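Written below as structure tokens is the structure these notes are about.
Just so you know, these numbers come straight off a predicted model, no measurement behind them. The basis for the numbers below is simple: all heavy atoms, side chains too, and nothing from hydrogens, waters or symmetry mates. Letters A, B, ... are given to chains in the order of the sequence lines, protein chains preceding strands, and every chain is numbered from 1.
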2 protein chains.
Amino acid sequence: MATIRTKSKSSSGQAQIPNPSLSVKRITIVEVAKAARVGTMTVSRALNRPEMVSADLRKRILKTVEDLGYIPNRVAGGLASGTAKAISVIVPTLNHPVYVPFLEGLYSLLPQEGYQILLGTNEYQLDAEENLIATLLGWQPDAIVIAGVDHSLRTRNMLAQARVPVIEIMDLTEVPIDMNIGFSHEQVGIATANFLADRGYRHIAYAGMLSQLDLRGAKRMKSFVTTLKRRKLGHYIVSNDKPSSIGVGKTLMVDLLEKHPQVDAVFFANDDLAAGALFECQRRKIRVPKDIAIVGFNDSEIASQVNPALTTVSTPRFEMGRLAADMLLRRLRGTRVDSARIDIGFRIVEREST
Amino acid sequence: MATIRTKSKSSSGQAQIPNPSLSVKRITIVEVAKAARVGTMTVSRALNRPEMVSADLRKRILKTVEDLGYIPNRVAGGLASGTAKAISVIVPTLNHPVYVPFLEGLYSLLPQEGYQILLGTNEYQLDAEENLIATLLGWQPDAIVIAGVDHSLRTRNMLAQARVPVIEIMDLTEVPIDMNIGFSHEQVGIATANFLADRGYRHIAYAGMLSQLDLRGAKRMKSFVTTLKRRKLGHYIVSNDKPSSIGVGKTLMVDLLEKHPQVDAVFFANDDLAAGALFECQRRKIRVPKDIAIVGFNDSEIASQVNPALTTVSTPRFEMGRLAADMLLRRLRGTRVDSARIDIGFRIVEREST
DNA sequence: TTTGCTTATGATAGCGTTATCACGATTTTT
DNA sequence: AAAAATCGTGATAACGCTATCATAAGCAAA
């Protein structure tokens, strides 16, 4: 099937906007002040602390601002005030269902308080993280949000020296750099192992990425396996180091069935993987949960919609983002934040796949 | 199933970082210059245009920078140079499978060239778009990327007056503000209608959101229906104004089967909706494509993985992002960009659901 | 040798805001 | 009525960097 493009004149001529260097001078606060016959400070106040300016003057200034189409230069304002009204956010990747809901949680609160989010992704490379943080710190953010609690020493130092609120999310640590919101991945592994063992499964596998690529998954895997061992049950591991996706879930399932045909339950590193595995079972007419039970992780939408619906571990990602934003805002307002470390918990959601 | 939290001391005491206002003075370029016994300009050059500084001096300066842990203040630099090295990006929402791959395309090129992405979402509200743009323009971005080609007059004016490269994406228009990369949603509607009609389907439906919430979907729907009419085929529409998701796909399918039981093919506004509908068919033992054919839109991963795999319209989202980034970078480097409007096309991918 | 041309470095003046202090004009208190 | 406090406004000096011009040193050309 060939790519379809519009038949007619597909691409028109030159770009229409002239060279910016020739452009007319932008309107600054000085122009506004002149036009409104006041000082620049009064304009600044009318915009930022309206209650400090008398009602009629404020009205006049706001009208002038509107008429001239003045847009305050945040870069200049940031330099002058020392606070750029920006918050740096570092996540491993956007290409994973976990981080988007978390970001939406942040976006649901921060912009309306005037904060711009500066998003950086390190694509799971720990060394890239250091550069990324240096870059993001250069914007003089008012706070930093970073996924995970396992950072290089240099990263920790840079973050601590930034002398700015830092919040580590998605995982828990006993020694946060500053604030920390998340849940215990070790506990997830234990709970899931017990859940499956209690339901009578005897040959239980973990499937996901390992090592650097999914540090938190590795934590779940470790405690999952330890728990199974303690309960003297068969345990198996299949892994794949490609970025997580439905297709990789299929591969993992194929792999698992080949290597360990006796397996009767699998805990996947996330719901996409679990769904991919489920689809593969459908194709092979393997009955879920009768022949094999599947447990996902995150409670993404897909988990509740497939047939059979997936048992999974519900993690409050949106809420984590919102709570993180809320804690930061309170901290930035100067309010004391009394718990620097919040265990937001998780829940096993039992559906039809176990 | 109760939420599980770590048993022990769940939240520890106070945040560890002291009040920023008490903090020691940050290291600036002046400190570096003093320590390296050079002028500030030489430090600036050593960092930004290393070829302008003699090799030994450069080495000394870079070592000093390293020793002191100096991080250049981009806000100050941006103010001084007039270019903040930032690019504003406006998308409707993150909560939709289309925008993330597009953003990844941008992220695959812009940060490595030193540009920070300033991301804003308007959650589909056109009036929010104006505020958002004003906010983002305040950062003096070097360029602006915006999803869609249908903007309010005010928005168009603000963008044009910003005197900065603007690139509209995801859709095509004859009158771009500046640059434009996308494909024709009208053509998608026509092509899909013809595709289904040619395969013998006679009672064909469109299912998706309508109106403001999905302007581009509405364009597809319109030309889809027009084409069906021209071919004298039955056409039906079901819609729902909740944000698109797998669950909504199920609802739409339920709705459709109830209102128009004679339907034999459906074109969904995206793959998530289509997948949700497919899952509902599975539950009801409706055979796809025998009883009803399903076509999705976007070629997201889920489309190729479900059973039966979904026929869908492949849209190059990542590539669109990458191409947009590439065009912007060339423009920012001063190179002439010879086509201001690119029709990137689409492809119907036939799989098992038709 | 003198002149001119590079090249490497530094001094200085902004960039567009906001913090701060100062100053009248009011209002309140004594 | 005088003194004190409060309020609204503006002048000015940063904020930390880079553009620009000036200068010194080195070297080639005349």
Is the closest side-chain heavy-atom distance between [X] and [Y] below 4.5 Å?
{"X": "B:Leu47", "Y": "B:Leu62", "value": "yes"}
{"X": "B:Val38", "Y": "B:Arg60", "value": "yes"}
{"X": "A:Arg317", "Y": "A:Tyr99", "value": "no"}

Set of side chain to side chain contact (heavy atoms under 4.5 Å, CB included) partners for [X], sequence neighbours left out:
{"X": "A:Leu109", "answer": "A:Gln112, A:Arg322, A:Ala325, A:Asp326, A:Leu329"}
{"X": "B:Ser152", "answer": "B:Glu130, B:Arg154, B:Thr155"}
{"X": "A:Pro111", "answer": "A:Tyr107"}

Check: Considering only heavy atoms, which members of residues 39-47 of chain B lie under 4.0 Å from some atom of DNA chain C?
Finding: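 Within this stretch, B:Gly39, B:Met41, B:Thr42, B:Arg45 sit under 4.0 Å of the strand.
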Note to self: Quiz question: by atom type and distance under 3.5 Å, do the side chains of B:Thr83 and B:Asp142 form a donor-acceptor pair?
What the structure shows: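 The answer is yes; a qualifying pair exists.
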Margin query: For the residue pair B:Thr93 / B:Asn95, report whether a side-chain donor-acceptor contact shorter than 3.5 Å exists.
Written below: no
Next item on the list: Test B:Val98 against B:Val91 for side-chain contact (heavy atoms from CB on, under 4.5 Å), laying out the working first.
Entry: CA-CA 10 Å; B:Val98 174; B:Val91 296; over 6 Å; no
Item checked: Nucleic acid contacts - residues 63-87 of chain B versus DNA chain D, non-hydrogen atoms under 4.0 Å ->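 B:Tyr70, B:Pro72, B:Asn73, B:Ala76, B:Gly77, B:Ala80, B:Ser81 - these, ordered by number, are the residues of the stretch whose heavy atoms sit under 4.0 Å from the strand.
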Next item on the list: Just jot down the salt bridge (Lys or Arg N to Asp or Glu O under 4.0 Å) partners of B:Lys63, sequence neighbours excluded, or say none.
Entry: B:Asp67
Note to self: Restricting to salt bridge (Lys or Arg N to Asp or Glu O under 4.0 Å), what partner residues turn up for B:Glu104, sequence neighbours left out?
What the structure shows: none
Note to self: If we ignore hydrogens and angles and just use 3.5 Å, is the side chain of A:Asp178 paired with the main-chain N or O of A:Ile167 as donor and acceptor?
What the structure shows: no
Check: Among pairs that include at least one residue of residues 84-95 of chain A, which meet salt bridge (Lys or Arg N to Asp or Glu O under 4.0 Å), considering only residues two or more places apart or in two chains?
Finding: none
Check: Contact boundaries of DNA chain D with chain B (under 4.0 Å, heavy atoms), 5' to 3'?
Finding: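 Using the under 4.0 Å cut-off, the span is D:dG16 to D:dT20.
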Check: What bend angle does the helix from C:dT1-D:dA30 to C:dT30-D:dA1 show across its length, from five-pair end axes and to the nearest 10 degrees?
Finding: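 Terminal axis comparison yields 40°.
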Note to self: Determine whether A:Glu31 and A:Tyr70 satisfy the following criterion, side-chain contact (heavy atoms from CB on, under 4.5 Å), listing intermediate values before the conclusion.
What the structure shows: CA-CA 9 Å; A:Glu31 277 78 57; A:Tyr70 167 66; over 6 Å; no
Next item on the list: Could you list where the contact with chain A starts and ends along DNA chain C, reading 5' to 3', using a 4.0 Å heavy-atom cut-off?
Entry: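 The contacted stretch runs from C:dG16 to C:dT20.
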Taking only distance into account, with no hydrogens and no angle test, what donor-acceptor pairs under 3.5 Å do side-chain atoms of residues 113-121 of chain B form with protein atoms, sequence neighbours excluded?
| residue | atom | partner | partner atom | Å |
| --- | --- | --- | --- | --- |
| B:Gln116 | NE2 | A:Leu119 | O | 3.3 |
| B:Thr121 | OG1 | B:Glu123 | OE2 | 3.3 |

